[in-house]
Amino acid sequence: KRLSMKKYMLILLVLFSLPSFSQNNKGKADDEARIILSTYISDNIKDFPVEAKDFLKSKLDKIATASGMGGSQNSSRFIITANVDIIAKEITPTAPAQHMFTLEVSFYIGDAITGTKFSSCSKSFVGVAPSEIKAYKDALTQIKPNESVFTQFIADGKTKIIEYYNSNCDFIIKDAEALTAIKGYDEAIYKLASVPAVCKDCYAKCLDQIG
């Protein structure tokens, strides 16, 4: 089922608050090839106009697509998202006056079901233009999807998604077995079914356990 917008927003609150982690058992290359990222921008970014949000979303689409991980909205449990902090706003003492904004943009890759954060990075951008909207867009225009910082950001996200499920697969199965022992069948099935198909080996083991 598609996740509701409210659920996405609640998950993002968890996503932004959780620390990143590192595992050490990387999965197969074909596992990485199955990972698709859906883009999402929260409606709760403070003082950030809708036009600028749409522009930022298109940049996230391009970052995901540049790495071969692009997908349509809500097509995947894995999301690429961003949060924007307005560091400074001022009017330049020029004629005509210009709006100048300094933005700190934080990028995240996470699991929209569990709220787990896999990868993150941040960059600052300065935009100058005759209007506020154009100043926001001028700053966001500087996001270059093929830049090395984003290439590494995506690569880290891919690796950690596979590592997370491969490293935790035995624990997921053990938890499901414990639930089965107390006749918590629905919870056990839900836990096993929550493992994504991108992690082929763990996914297959969990399917076997569902029976």
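Nearest heavy-atom pair, Asp43 versus Lys53, reported as atom, atom and distance to 0.1 Å: O-NZ, 3.0 Å. The two residues Lys59 and Leu140 make their nearest non-hydrogen contact at CE-O, 3.4 Å.
Hydrophobic clustering (ILVMFWY, side-chain heavy atoms < 4.5 Å, transitive): Val126 and Val105 are in distinct clusters.
Shown here are the side-chain contact (heavy atoms from CB on, under 4.5 Å) partners of Ile91, two or more places apart in sequence or in another chain: Ala97, His99. Partners of Phe107 according to the ring-ring contact (aromatic ring centres under 6.0 Å, His included) rule, which considers only residues two or more places apart in sequence or in another chain, are Phe150. Judged as a side-chain hydrogen bond (donor to acceptor under 3.5 Å, both in side chains), and not counting sequence neighbours, Glu90 has no contacts. Qualifying side-chain contact (heavy atoms from CB on, under 4.5 Å) partners for Ala139, counting only residues two or more places apart in sequence or in other chains: Leu103, Phe125. Listed by chain and residue number, Ser106 satisfy the side-chain hydrogen bond (donor to acceptor under 3.5 Å, both in side chains) test with Ser122 (two or more places apart in sequence, or in another chain). Scanning for side-chain hydrogen bond (donor to acceptor under 3.5 Å, both in side chains) contacts around Lys123 gives Glu147, with sequence neighbours left out. With sequence neighbours excluded, the residues satisfying side-chain contact (heavy atoms from CB on, under 4.5 Å) with Asp54 are Val50. Here Thr92 pairs with Thr94, Gln98, Met100 under the side-chain contact (heavy atoms from CB on, under 4.5 Å) rule; sequence neighbours left out. Residues meeting the disulfide bond (SG atoms under 2.5 Å apart) test with Cys206, sequence neighbours left out: none.
Among residues at least two apart or in separate chains, there is no side chain to side chain donor-acceptor pair (under 3.5 Å) pair with a member in residues 202-211. Note on residues 129-139: no pairs pass side chain to side chain donor-acceptor pair (under 3.5 Å), not counting sequence neighbours.
In this structure, CD1 on Ile143 lies 6.0 Å from CD1 on Ile63, to the nearest 0.5 angstrom. Atom CD1 of Ile162 sits about 12.5 Å away from atom NZ of Lys200, to the nearest 0.5 Å.
Counting heavy atoms from C-beta on, the side chains of Tyr164 and Asp111 never come closer than 4.5 Å.
Under the 3.5 Å distance criterion, the side-chain polar atoms of Asp85 are left unmatched by any main-chain donor or acceptor of Ile87. Checked by atom type and distance alone, the side chain of Thr81 pairs as donor or acceptor with a backbone atom of Tyr40 at under 3.5 Å. Remark: the backbone N or O of Phe153 is paired with a side-chain donor or acceptor of Ser119 at under 3.5 angstrom.
SG distance check for Cys199 and Cys169: not under 2.5 Å.
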Passes side chain to side chain contact (heavy atoms under 4.5 Å, CB included), Asp156 versus Ile109? Steps please. CA-CA 9 Å; Asp156 288 345; Ile109 291 173; over 6 Å; no
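Applying the under-4.5 Å side-chain rule to Ile, Leu, Val, Met, Phe, Trp and Tyr, the cluster around Phe171 consists of that residue alone.
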